[in-house]
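Nothing fancy with the numbering, it's 1 onward along the sequence. These numbers come from the heavy atoms of this one structure, side chains and all, not from hydrogens, waters or symmetry mates.
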Amino acid sequence: MKAKLLITKDGQALYEGVHDIFDAESFGRACADAWTKLREEKIANASSIGALIESLDERLLDELRGAQISLRAA
């Protein structure tokens, strides 16, 4: 089933993507894709070498603390 995976925090969308989700494994892959995209965006938005190193050291998990994950039919 095509489903829209949405990760929000404080009313702001952190990630939105459409995935084929039909079991726990495919849900896990969708979450892994979201994780990868969020990490890549963090690296891409680094404005300097120092910021890049800092972003690599920051824990994405800490940033996602308190976020909400929802699924909707796509």
Side-chain angles (χ1 to χ4, degrees):
M1 155 176 126
K2 291 275 188 195
K4 181 183 285 188
L5 175 66
L6 181 62
I7 301 174
T8 58
K9 183 174 180 180
D10 301 327
Q12 189 173 36
L14 301 176
Y15 175 83
E16 187 174 335
V18 176
H19 300 271
D20 285 317
I21 298 176
F22 50 89
D23 61 8
E25 186 176 337
S26 58
F27 177 73
R29 279 194 306 268
C31 289
D33 290 346
W35 180 278
T36 300
K37 183 176 180 202
L38 288 169
R39 187 167 190 273
E40 288 173 352
E41 285 177 2
K42 207 172 200 14
I43 291 170
N45 290 332
S47 58
S48 66
I49 295 295
L52 176 61
I53 291 170
E54 185 177 312
S55 73
L56 291 175
D57 290 338
E58 286 180 334
R59 296 179 185 255
L60 183 56
L61 190 56
D62 288 338
E63 186 176 314
L64 290 173
R65 184 173 288 132
Q68 295 179 345
I69 298 174
S70 62
L71 292 174
R72 297 189 179 121

Original post:
Who passes side-chain hydrogen bond (donor to acceptor under 3.5 Å, both in side chains) against Arg65, sequence neighbours left out?
Top reply: Asp62
Pair up each side-chain donor or acceptor in residues 66-74 with any protein partner under 3.5 Å, not counting sequence neighbours, and list the distances.
none

**OP:** Please assess Asp10 against Gln12 for the test side chain to side chain contact (heavy atoms under 4.5 Å, CB included), listing each intermediate value before the final yes or no.
**Re:** CA-CA 6 Å; Asp10 301 327; Gln12 189 173 36; 5.6 Å; no
**OP:** Would you please test Leu5 and Asp33 for side chain to side chain contact (heavy atoms under 4.5 Å, CB included) and show each step?
**Re:** CA-CA 10 Å; Leu5 175 66; Asp33 290 346; over 6 Å; no
**OP:** Any salt bridge (charged side-chain N to carboxylate O under 4.0 Å, His left out) involving residues 44-53? Give me the pairs, sequence neighbours left out, ordered by first then second residue.
**Re:** none
**OP:** Could you pull out all residues at least two apart from Asp20 that satisfy salt bridge (charged side-chain N to carboxylate O under 4.0 Å, His left out)?
**Re:** Lys2
**OP:** Could you tell me which non-hydrogen atom of Phe22 sits nearest to which non-hydrogen atom of Arg29, and how far apart they are?
**Re:** CZ-NH2, 4.3 Å
**OP:** Identify, with sequence neighbours excluded, every residue that meets side-chain hydrogen bond (donor to acceptor under 3.5 Å, both in side chains) alongside Glu16.
**Re:** Lys4
Subject >> Set of side-chain hydrogen bond (donor to acceptor under 3.5 Å, both in side chains) partners for Glu40, sequence neighbours left out >> reply: none
Original post:
Closest heavy-atom contact between Glu41 and Leu14?
Top reply: OE1-O, 4.5 Å
Original post:
Linking I/L/V/M/F/W/Y whenever any side-chain heavy atoms sit under 4.5 Å apart, do Phe27 and Ile7 land together?
Top reply: yes
**OP:** With sequence neighbours left out, write down each residue that passes side-chain hydrogen bond (donor to acceptor under 3.5 Å, both in side chains) with Asp23, or none if nothing qualifies.
**Re:** Ser26
